[in-house]
Trainee: 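After the structure tokens below, expect a handful of questions from me.
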Amino acid sequence: MKSDNKKNKLTRLEIYWILYDVGNSAFVLLVATILPIYFNHLASTAGLSEVDYLAYWGYAASVATVICALIGPVLGSIADTQNYKKPLFTACMMVGVIGCAALSVPTSWIAFLAVFVIAKVGFNASLIFYDSMLTDVTTEERLDAVSSCGYAWGYIGSCIPFVVSLVFVLMYDSIGITFQMAMTIAFCLNAAWWLLVTLPLLKNYKQTHFVSEADAAPQTGFSARPKSSAASGTQSDTSARKSGGSLIRNSFTRLGHTFKEIFQQKKIFYYLLAFFFFIDGVYTIIDMATAYGSALGLDTTGLLLALLVTQIVAFPFALLFGRLSREFRTEQLIRFCIGAYTLIALFAIQLDKQWEFWLLAVCVGMFQGAIQALSRSYFAKIIPPEKSGEYFGIYDICGKGASFLGTFLVGLVAQMTGIANAGVAILAVMFVIGFVLFSKSSKMH
């Protein structure tokens, strides 16, 4: 028993990797809760209507999504060159951190949205490198557990700066400060938290998987798990640094080859299709939670507390699924999560009471971290580790594209039917499609 406990214990590098999830999740929670409130304040002060406020907020989020979808695979491919992943990760992370702190500077809604887009792009881009680091910081048999710990501790850890920020934002008058000062404290606090918990990873991470020179040229065969990817990349580092132009050209060449590989490798291709559909439903439920709460008449404090409950519930359940991955196949757990989300979407169709909204928040928390963590670790298992940067760049496109399409379809169906909750029905369809495609992918070799 002691040897098993020692085997399951997290290594220092795994802990440092998990800590970045704790840091960036604070920004995620900030964007989902406090940030829209402040933007609404700036917009209303400028005389914008509620319709324009929602529209401009949606446009800004869409611009950030499109930018990341365009640059993600290219940056990921460049990061697969030896010793490039860490500098690129650091640069994107710092853009996000500085952008988060700088959100307190603008006094006009236009400038605020511009800073928000920059911060969101830095955050999203950093996740491409962060996700691809998973194969460098742990072993293949521990991918599920470590990935789950990342989401779990990210959910609960982000609550610390969130709760402190909430005290200032909701009680600024009692404390004796202005609303502007309260928001400045919230933005700077979350930025500082993000940076400080990332420092251990920056100090200790070392890229162990990277491409060789031969990987820049088209090949005929494909191996999902090469025997020795780290050793083969030594010559690549020297040649790639000869010029920035050749590095970018080689990256585009590898990226083109990777797209061909994905179409040839049906298991990866069908998995990405499945991921697009089922993560579509997951992200849309996350993005639309506040809108559903508003429709039910919950006040701002109620919405913030409900989202906080989701974060808290997600913590133990993400850890639980990480442990279950030792007893069950990852494919079985992912299918179970997709099935659970299908039932959640069906339940949400008839949502019309406040207690049902709270129940929905708890149910979402039970499976939210699990399906995201297991999807990430499963993908890391079926791709070549030395090309994880560009593969996760493409993986990120599927996630971002899904979140963009999901909210659009929900809005479109709601408008066509004239019933707000009718739009949720489309999510159940997305989950069913994702389930079928994933089942097909998991049976392939």
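Values reported hereafter were calculated over all heavy atoms of this structure, with side chains retained and with hydrogens, waters and symmetry mates removed.
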Trainee: Whether the side chain of Lys86 engages the backbone of Leu202 through a donor-acceptor N/O pair (distance < 3.5 Å, no angle test) should be reported.
Mentor: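 Flag set: sc Lys86 to bb Leu202 pair under 3.5 Å.
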Trainee: Please identify each residue that fulfils side-chain hydrogen bond (donor to acceptor under 3.5 Å, both in side chains) with Ser25, with sequence neighbours left out.
Mentor: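 With neighbours one apart ignored, the set is Asp21.
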Trainee: Taking the side chain as everything from C-beta on, heavy atoms only, tell me whether Leu30 gets closer than 4.5 Å to Phe162.
Mentor: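 In short, these two side chains do not touch, never coming nearer than 4.5 Å.
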Trainee: Once side-chain hydrogen bond (donor to acceptor under 3.5 Å, both in side chains) is applied, do any residues pair with Trp194, and if so which ones, sequence neighbours excluded?
Mentor: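 Expected list: Tyr20.
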Trainee: Can you run down the side chain to side chain donor-acceptor pair (under 3.5 Å) pairs that involve residues 98-116, sequence neighbours left out, and say none if there aren't any?
Mentor: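 Residue pairs with at least one partner in residues 98-116: there are none.
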Trainee: Determine, using ring centers only, whether Phe392 and Tyr395 are less than 6.0 Å apart.
Mentor: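 Between Tyr395 and Phe392, the centre distance is under 6.0 Å.
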Trainee: When you compare the side chains of Gln265 and Tyr271, does any donor N or O come within less than 3.5 Å of an acceptor on the partner?
Mentor: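 Distance-only check fails for Gln265 and Tyr271.
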Trainee: Could you pull out the closest heavy-atom pair between Cys100 and Ala119, with the gap in Å?
Mentor: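 Closest pair (atom of Cys100, atom of Ala119, distance): N-CB, 3.9 Å.
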Trainee: Arg335 vs Ser442, test: side chain to side chain donor-acceptor pair (under 3.5 Å). Steps then yes/no.
Mentor: CA-CA 10 Å; Arg335 281 196 292 266; Ser442 61; 3.0 Å; yes
Trainee: Step by step, would you call Glu261 with Tyr391 a side chain to side chain donor-acceptor pair (under 3.5 Å)?
Mentor: CA-CA 10 Å; Glu261 285 181 346; Tyr391 271 88; 2.8 Å; yes
Trainee: Could you measure the distance from the CD1 atom of Ile34 to the CG atom of Leu103? Nearest 0.5 Å is fine.
Mentor: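 Here the rounded value is 11.5 Å.
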Trainee: Judged by atom type as modelled, is there a donor-acceptor pair below 3.5 Å linking the side chain of Ser132 to the main-chain atoms of Ile128?
Mentor: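 Confirmed, Ser132 side chain pairs with Ile128 backbone.
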Trainee: For Phe347, give me all partners under ring-ring contact (aromatic ring centres under 6.0 Å, His included), at least two apart in sequence or on another chain.
Mentor: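 Listed in chain order: nothing, the list is empty.
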Trainee: Please report the interatomic distance CD1(Ile397) to CD1(Ile394), rounded to the nearest 0.5 Å.
Mentor: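 So the CD1 of Ile397 and the CD1 of Ile394 are separated by 6.5 Å.
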Trainee: Are any of the side-chain heavy atoms of Phe321 and Cys337 separated by less than 4.5 Å?
Mentor: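 Yes. Closest side-chain heavy atoms under 4.5 Å.
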Trainee: Could you tell me whether the side chain of Trp153 and the main chain of Phe315 form a donor-acceptor pair under 3.5 Å?
Mentor: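 No, because the side chain of Trp153 does not come within donor-acceptor range (under 3.5 Å) of the backbone of Phe315.
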Trainee: Looking at every non-hydrogen atom in both residues, tell me the closest pair between Val115 and Pro106 and how far apart they are.
Mentor: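 Closest approach of Val115 to Pro106: CG2-CG, 3.8 Å.
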Trainee: Can you see which heavy atom on Gly389 is nearest to which on Asp80, and at what distance?
Mentor: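 That closest heavy-atom pairing would be N-OD1, 2.7 Å.
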Trainee: Give a yes or no answer on whether the side chain of Glu327 reaches the backbone of Leu324 with a donor-acceptor pair at less than 3.5 Å.
Mentor: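 It does not hold such a pair.
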Trainee: Kindly indicate whether the side chain of Val362, heavy atoms from C-beta on, has any atom under 4.5 Å from the side chain of Trp358.
Mentor: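 They are not in side-chain contact.
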Trainee: Mind checking ring-ring contact (aromatic ring centres under 6.0 Å, His included) for Phe129 and listing every partner two or more places apart, or none if nothing turns up?
Mentor: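 ring-ring contact (aromatic ring centres under 6.0 Å, His included) check on Phe129 returns nothing, list empty.
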Trainee: If the condition is ring-ring contact (aromatic ring centres under 6.0 Å, His included), which residues does Tyr151 pass it with, not counting sequence neighbours?
Mentor: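 Tyr151 satisfies ring-ring contact (aromatic ring centres under 6.0 Å, His included) with no other residue.
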Trainee: Checking Thr139 now: which residues fulfil side-chain hydrogen bond (donor to acceptor under 3.5 Å, both in side chains) with it, not counting sequence neighbours?
Mentor: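 side-chain hydrogen bond (donor to acceptor under 3.5 Å, both in side chains) list for Thr139, sorted by chain: Glu141.
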Trainee: Checking Ser165 against Asn190: is there a side-chain donor and acceptor pair closer than 3.5 Å?
Mentor: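 Asn190 vs Ser165: donor-acceptor pair found between side chains.
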Trainee: Parallel, tilted or perpendicular: which one describes the rings of Phe269 and Phe263, with boundaries at 30° and 60°?
Mentor: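 Phe269 vs Phe263 ring planes: tilted.
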Trainee: Under the criterion side chain to side chain contact (heavy atoms under 4.5 Å, CB included), I'd like the reasoning laid out for Phe116 against Val31: C-alpha separation, chi angles, the key distance, then a yes or no.
Mentor: CA-CA 9 Å; Phe116 168 68; Val31 171; 4.0 Å; yes
Trainee: Pair Val121, Val95 - check side chain to side chain contact (heavy atoms under 4.5 Å, CB included), show working.
Mentor: CA-CA 8 Å; Val121 168; Val95 169; 6.0 Å; no
Trainee: Examine Lys440 relative to Tyr270 and say whether NZ or CZ is less than 6.0 Å from the centre of the six-membered ring and inside a 45° cone about the ring axis.
Mentor: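 Yes, a cation-pi geometry holds between Lys440 and Tyr270.
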Trainee: Is a side-chain donor or acceptor of Asp136 paired with a backbone partner of His209 at a separation under 3.5 angstrom?
Mentor: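 Checked: pair present.
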Trainee: I'd like to check Phe379 versus Leu272 (side-chain heavy atoms, cut-off strictly below 4.5 Å). Are they in contact?
Mentor: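 They are in contact (side-chain heavy atoms under 4.5 Å apart), so the answer is yes.
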Trainee: Any idea which heavy atoms bring Leu10 and Cys149 closest together, and the distance?
Mentor: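 Taking every non-hydrogen atom into account, CD1-SG, 4.3 Å.
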Trainee: Which residues satisfy the ring-ring contact (aromatic ring centres under 6.0 Å, His included) test with Tyr172, sequence neighbours excluded?
Mentor: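 ring-ring contact (aromatic ring centres under 6.0 Å, His included) list for Tyr172, sorted by chain: Phe179.
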Trainee: Does the pair Phe431 and Phe278 meet the rule for a ring-ring contact (aromatic ring centres under 6.0 Å, His included), with working shown?
Mentor: CA-CA 5 Å; Phe431 284 123; Phe278 70 72; 7.9 Å; no
Trainee: Between Tyr205 and Trp17, does the side chain to side chain contact (heavy atoms under 4.5 Å, CB included) criterion hold? Intermediate values first, please.
Mentor: CA-CA 8 Å; Tyr205 170 75; Trp17 182 84; over 6 Å; no
Trainee: Which residues satisfy the salt bridge (Lys or Arg N to Asp or Glu O under 4.0 Å) test with Lys120, sequence neighbours excluded?
Mentor: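 With neighbours one apart ignored, the set is empty.
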Trainee: Supply the atom-to-atom distance Leu29 CG to Leu35 CG, rounded to the nearest 0.5 angstrom.
Mentor: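 Separation between the atoms: 11.0 Å.
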Trainee: Using atom types as modelled, flag every donor-acceptor pair under 3.5 Å from a side chain in residues 371-378 to any protein atom, sequence neighbours excluded.
Mentor:
unit_1 : atom_1 : unit_2 : atom_2 : d
Gln372 : OE1    : Tyr155 : OH     : 2.8
Ser375 : OG     : Ile371 : O      : 2.5
Arg376 : NE     : Ser147 : OG     : 2.9
Arg376 : NH1    : Asp131 : OD1    : 3.0
Arg376 : NH2    : Ser147 : O      : 3.0
Arg376 : NH2    : Ser147 : OG     : 3.3
Ser377 : OG     : Asp144 : OD1    : 2.5
Ser377 : OG     : Ala373 : O      : 3.2
Ser377 : OG     : Leu374 : O      : 3.2
Tyr378 : OH     : Lys267 : NZ     : 3.1

Trainee: Looking at Ser77 and Pro73, would you say the former's side chain and the latter's main chain have a donor-acceptor pair under 3.5 Å?
Mentor: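 Judged by distance alone, no pair lies under 3.5 Å.
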Trainee: I'd like to check the side-chain hydrogen bond (donor to acceptor under 3.5 Å, both in side chains) partners of Thr310; sequence neighbours left out, ordered by chain and number.
Mentor: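 Per chain and number, Thr310 pairs via side-chain hydrogen bond (donor to acceptor under 3.5 Å, both in side chains) with no residue.
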Trainee: Residues two or more places apart in sequence or in another chain: which of them pass salt bridge (Lys or Arg N to Asp or Glu O under 4.0 Å) with Arg329?
Mentor: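 If we apply the salt bridge (Lys or Arg N to Asp or Glu O under 4.0 Å) test to Arg329, skipping adjacent residues, the hits are Glu331.
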Trainee: Taking atom OG of Ser44 and atom CZ of Phe39, what is their separation to the nearest 0.5 Å?
Mentor: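 Atom-to-atom, Ser44:OG and Phe39:CZ are 10.0 Å apart.
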Trainee: Evaluate the ring planes of Phe187 and Phe112, with Trp represented by its six-membered ring, and classify them as parallel (under 30°), tilted (30 to 60°) or perpendicular (over 60°).
Mentor: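 If you compare the ring of Phe187 with that of Phe112, the planes turn out tilted.
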Trainee: Taking all heavy atoms of Val364 and all of Tyr341, pick out the closest pair and write down the distance.
Mentor: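 Minimum heavy-atom separation between Val364 and Tyr341: O-OH, 3.7 Å.
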Trainee: With a 3.5 Å distance limit and no angle check, can you tell me whether Thr138 reaches the backbone of Leu134 through a side-chain donor-acceptor pair?
Mentor: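 No, Thr138 side chain to Leu134 backbone: no donor-acceptor pair under 3.5 Å.
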Trainee: To check you understand the geometry: which heavy-atom pair defines the closest contact between Asn204 and Leu13, and what is its length?
Mentor: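 Asn204 and Leu13 have their closest heavy atoms at O-CD1, 3.9 Å.
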Trainee: Going through the checks in order, is the side chain to side chain contact (heavy atoms under 4.5 Å, CB included) test met by Thr11 and Val137?
Mentor: CA-CA 9 Å; Thr11 66; Val137 302; over 6 Å; no
Trainee: Look up atom CD1 in Ile433 and atom CG in Leu273, then write down how far apart they are to the nearest 0.5 Å.
Mentor: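 The distance works out to 10.5 Å.
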